[in-house]
Structure formats: C-alpha cells, structure tokens
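This report concerns only the one structure given below.
Counting from 1, the numbers follow the sequence of the chain as shown.
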Amino acid sequence: MLTNSSAHLDRLRRLDAQAVRDSVALVRRVTADDLLRPTPCSAWTLGDLLAHMTGQHRGFAAAALGHGEDLAHWRVRLPAQDATTEEATAEDAVMEYGEAAEQVITAFAAVAAPERPFALPELSADRRFPAAQAIGFHLIDYVVHSWDVARSLDVAYDPGPELLAAALPLARAVPDGDFRLAPDSAFRTALPVGDGATTLERILTTLGRSPGWRGPSGDAAADARHSPAGRDTTC
C-alpha cells in the first residue's frame, strides 16, 4: 500500500480515532485523588499529563484545519485553581479532554488529501508535514500516552493487534540518538528489549519507556528505581 494513498490516510484516521477513544475511556476513570499520581513522564503528575494531552489534541485539530502555526492552539491549560472542589477540577479536566479528543477526530476526518500540509510548530517552525505523516505522529503519541495513563492508574491497557501493528513502524521511524537526552525531548533514547517482548513492549522501549514502570505503590517500583530500564521518560 502506498503511504501517500487515500486508503492509507483513511486507515491511519481510523486507527488514530481508536487510539484516542481508548485514551478517553482510560481518562474517564480519573478522579480527584488521581490527579497527583506520578506518571512515566518525569516530573509530570497525571493532571499535568492530562493537560498536555488535551493541548496536543487541540493543536493537531488546529493544524488539520490550517491554523497549526498559531501557538495559542497548542497552549497547555492546567486545571483551574479556583474550582470550588477538587472533584470539580477533575470532572472539568476529564470533560475537556473528551471534548478535545472528539475535536481532533472530527478535524482529521475533514482532511481531504494525504498530502495536505500540517503546521506543527513544536516540531518545526518552518517545515510543513503531510497529513498522513502528521496523523501518524498523533497516532503513536496516543498509543503511548494511553499506556502512560493506564500505568499511572495501575490498570490494564490492550490496544489490540491491528493498532499495535500500525504503531510499531511509526515508533521505529522516530529518530534516535543523544539528542533525546535533551530536557525538552519527547522521548528518551531507546532501551534494549528482550526476546519474547510483546509488540507493545517493543513500541515502548523504542521510544525510551520502560514496560516495567510502576508508580510508588506498584510492585516493580523499587526495582525500577535501580534499573536503567526503569527510569522515567520525558513526554
């Protein structure tokens, strides 16, 4: 299948929507008590991660509609500090995430051609990315971010074989190198993967995440802190 074909674009959109809706199902489980949970993303609580994910949906939606160069669309809006209760803050964050998720799915569905240029200023101030490639970026982000949320909540995450099969080459296409050690890098350098690793584990290690990561209450936490494969990543 040609990567610039309309059929390829349609498949990417369908699988991206699946990844995004998987993330919505996980985020709906978030309560006020969960917002301060640690995540595999270094220095980010679950509330921080949720705000980032929401902002990325809005930014990619703007890019699909031809407005991605405006950084205001990518702005991360942290949960309101003046909410009457913590529960209200969590409910608002979950609701806003669901709205942003549907916004990006709808915006991607309106893209007519795989070559449609997307402005993604967080990746390049000057370059434009073809729609199929940009949606692929979004897809791999939300497979991995769904795992981040699931690990933070200590619940299962099973994207299914078709989505995983599509996500693995996208993960492998992300350039690796010492530049991933920079503070603003989205991923850490790739980690070794053992024989018999699952497709999801191969995706995670390719992007510098440890499949064994657990929060402080997780059984693997103590071992992870003393293992290079258990380190946090940036996100």
Are the side chains of [Y] and [X] in contact, using a 4.5 Å heavy-atom criterion?
X	Y	result
H73	H67	yes
T39	R151	no
P130	P114	no
H8	L12	yes

Sidechain-backbone polar pair: [X] side chain, [Y] backbone, donor-acceptor under 3.5 Å:
X	Y	value
S152	P38	yes
R58	W74	no
Y157	V149	no
R116	A64	yes

Subject >> Nearest heavy atoms of G136 and L170, plus distance in Å >> reply: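 Shortest heavy-atom contact: O-CD1, 3.7 Å.
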Subject >> Over all atoms of both residues, closest heavy-atom pair of L35 and V30 >> reply: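 Closest approach of L35 to V30: CD2-CG1, 3.8 Å.
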Subject >> Pairing of E115 and R128 as salt bridge, 4.0 angstrom limit >> reply: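 No salt bridge links E115 with R128.
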Original post:
Any salt bridge between R37 and D34, counting N to O under 4.0 Å?
Top reply: yes
Original post:
Is there a donor-acceptor contact under 3.5 Å linking the side chains of D48 and T45?
Top reply: yes
**OP:** State, without any angle test, whether D148 and H145 hold a side-chain donor-acceptor pair at a distance under 3.5 Å.
**Re:**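 Checked: D148/H145 side chains pair up, N/O donor to acceptor below 3.5 Å.
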Can you tell me how far [atom2] of [Y] sits from [atom1] of [X], rounded to the nearest 0.5 angstrom?
X	Y	atom1	atom2	value
T31	R29	OG1	CZ	11.0 Å
I140	R172	CD1	CZ	11.0 Å
Q103	F60	CD	CZ	13.5 Å

**OP:** Evaluate salt bridge (Lys or Arg N to Asp or Glu O under 4.0 Å) for R209 paired with E201, printing each intermediate quantity in order.
**Re:** CA-CA 9 Å; R209 280 165 165 78; E201 288 169 344; over 6 Å; no
Original post:
Is there a path of hydrophobic side-chain contacts, each under 4.5 Å between heavy atoms of I, L, V, M, F, W or Y residues, that connects I105 with L65?
Top reply: no
Original post:
In terms of hydrophobic clustering (I, L, V, M, F, W, Y; side-chain heavy atoms under 4.5 Å; direct or indirect links), are V193 and L200 co-clustered?
Top reply: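 Hydrophobic grouping puts V193 apart from L200.
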**OP:** Answer with yes or no after comparing the ring centroid distance for H138 and F108 against a 6.0 Å cut-off, counting only values under it.
**Re:**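 Judged by ring-centre distance (under 6.0 Å), H138 and F108 do meet the cut-off.
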**OP:** Evaluate side chain to side chain contact (heavy atoms under 4.5 Å, CB included) for W147 paired with Y142, printing each intermediate quantity in order.
**Re:** CA-CA 8 Å; W147 179 83; Y142 283 86; over 6 Å; no
Donor-acceptor pairs under 3.5 angstrom involving side-chain atoms of residues 18-26: please list them, not counting sequence neighbours.
unit_1 : atom_1 : unit_2 : atom_2 : d
Q18    : NE2    : P159   : O      : 2.8
R21    : NE     : E102   : OE2    : 3.2
R21    : NH2    : E102   : OE1    : 3.0
S23    : OG     : V20    : O      : 2.5
S23    : OG     : Y97    : OH     : 2.5

Original post:
Counting only heavy atoms not in R28, do more than 12 fall under 6.0 Å of its CZ?
Top reply: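 No - once you tally the heavy atoms of other residues, nucleotides and ligands closer than 6.0 Å, there are 12 at most.
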Subject >> Stepwise side chain to side chain contact (heavy atoms under 4.5 Å, CB included) check, E162 with R11 >> reply: CA-CA 10 Å; E162 185 185 12; R11 181 170 181 263; 3.7 Å; yes
Subject >> Candidate pair R13 and I135, rule side chain to side chain contact (heavy atoms under 4.5 Å, CB included), full reasoning >> reply: CA-CA 7 Å; R13 284 193 285 217; I135 293 173; 3.9 Å; yes
